[in-house]
Amino acid sequence: MILDETQARRLIERTLALATADEVRVNLTGGRTRNTRFAVNTITTCGDCDELSVAVTAYFGCRHAAASVGEADDAALRRVVQTAQELARVAPEDPEYVPELGPQEFLPVRPFFESTATAPADLGAEVARSAIEPAAQRGITVAGYLEFAHNFHAVGNNKGLFGYYQSTDTRYSVTARTPDGCGSGWASETSRDISELDFAAAAQRAIEKADASRSPKTLPPGVYPVILEPAAVDGFLAYALWNMNARYADEGRSFYARKGGGNKIGEKIVGDNVTMSSDPARPEILAPPFAADGLPAKPRVWVERGILKALVYDRYWAAKQGKEPTGWPPNLIFEGGDQTLDELIRSTDKALLVTRFWYIRSLDPQTILVTGLTRDGVFWVEDGAIRHAVKNFRFNETPIAVLNKITGMTRPTRIGNALLPALRASEFTFSSLSDAV
């Protein structure tokens, strides 16, 4: 269910009027999500979800609790308010309580595209067909998932805060496998504007990778130069981002902690060619204008030419340290180069080309050492060309080490909530072989 701004404000006001708690916040979310799933070259499921959620957070002093309901009639609103307040009265006092926000100014960001909001339900069948037909012609089996959504979000409280926005999003992924199960390829497309996505091209990339990855050769584990495609960068880099918590650093619990106390803000931590920021108004990757608690999203630079410029401060830790709260980054922008992936490959002497990683797990937060597996296509590049497929590896590596060894980057592309380039790095540690595809 989509509520416009006036309807959302009225619903929040109705809910607040029922509350007697010291502080009350209401979060509204709703919308329509459509999806199509296909596997073994056949459409298997289609879904259409239309929903509304009313979440109430109530405070009595430092005690607080939340409850939610999927209805908006008077009885449901009274029930959810009563539940939140009853729970808050018996909740333990929160030593890290921060008051609710008052009125805020938000950037005029509108992460909404009419093309996605009005996309027909049968689009999923066309997208599936664009993968299934070319795959079948080459004796390849494909599976995939398409989801496109139109949502709204609103927040309001009894201290005068109110915010509202609508958003759209599209996510598509497709996996291709050879009949013998030895070759696998994968591709994805994401955008808020469904009209800019080329679903057939994504399927073609996955099919070609599956075909090319038949009969992979075995290379011994070791340290190799690599080209990580954007999807691989996304899964790997996430662990460096999750650790960019100012509190963890100030308390000496992360890589970003400075020896002797404090954090590494202002220090050089990665190569000069690394700059990462967030900007909710960046056209290629529009993001929400505020967080769930109503904290406004703002442009921020996290790493500039290798120097750590900022860490993530929640409202409690920011108040304790006398800093401005940042909230979690609404998106991530990794400034890349000006090459395409094909051009980066052509300029490479030797490297392993990695499509993506999976099953990544943290090993040591102090160094951000992680382990994981390659998946859906690993290839040996030599003298500017892909020579053959390679058997999969397990890796043990840190994002920080890799970001200090970048020798080339492509133009960034959208992967989820990030703009990421493909990266070429001079060293990457592969610790063992994997029989997975």
With a 4.5 Å cut-off on side-chain heavy atoms, are [Y] and [X] touching?
X	Y	result
Phe255	Ile269	yes
Pro280	Pro289	no
Lys391	Asp435	yes
Leu28	Ile12	yes

Checklist entry - Between Phe290 and Tyr165, how do the two ring planes meet: parallel, tilted or perpendicular, split at 30° and 60°? => result perpendicular

Next on the checklist: Angle between ring planes, Tyr224 versus Trp380, binned at 30° and 60°: parallel, tilted or perpendicular?
Outcome noted: perpendicular

Next on the checklist: Tell me every residue that passes side chain to side chain donor-acceptor pair (under 3.5 Å) with Ser115, counting only those two or more places apart in sequence or in another chain.
Outcome noted: Asp193

Checklist entry - Could you give the distance from CG (Asn404) to CD (Glu427), rounded to the nearest 0.5 Å? => result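 With rounding to 0.5 Å, CG (Asn404) is 11.0 Å from CD (Glu427).
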
Carboxylate-amine/guanidinium contact [X] [Y], below 4.0 Å:
X	Y	result
Glu229	Lys209	yes
Glu324	Lys298	yes
Arg32	Asp48	yes
Asp211	Arg138	yes
Glu147	Arg34	no
Arg282	Glu335	yes
Arg205	Glu189	yes

Under a 3.5 Å cutoff, is there a donor and acceptor pairing between the side chains of [X] and [Y]?
X	Y	value
Arg375	Ser184	no
Asn151	Gln166	no
Glu304	Thr275	no
Arg25	Asn27	yes
Ser278	Trp302	yes

Between [X] and [Y], does the ring centre distance come in under 6.0 Å?
X	Y	value
Phe112	His150	yes
Phe428	Phe357	yes
Phe395	Phe236	yes
Phe38	Tyr145	no

Checklist entry - For Tyr359, what residues pass the ring pair (Phe, Tyr, Trp, His ring centres under 6.0 Å) criterion, not counting sequence neighbours? => result none

Item to check | Exam field: side chain Lys159 to backbone Glu100, donor-acceptor pair closer than 3.5 Å | outcome: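 Yes: the side chain of Lys159 pairs with the backbone of Glu100.
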
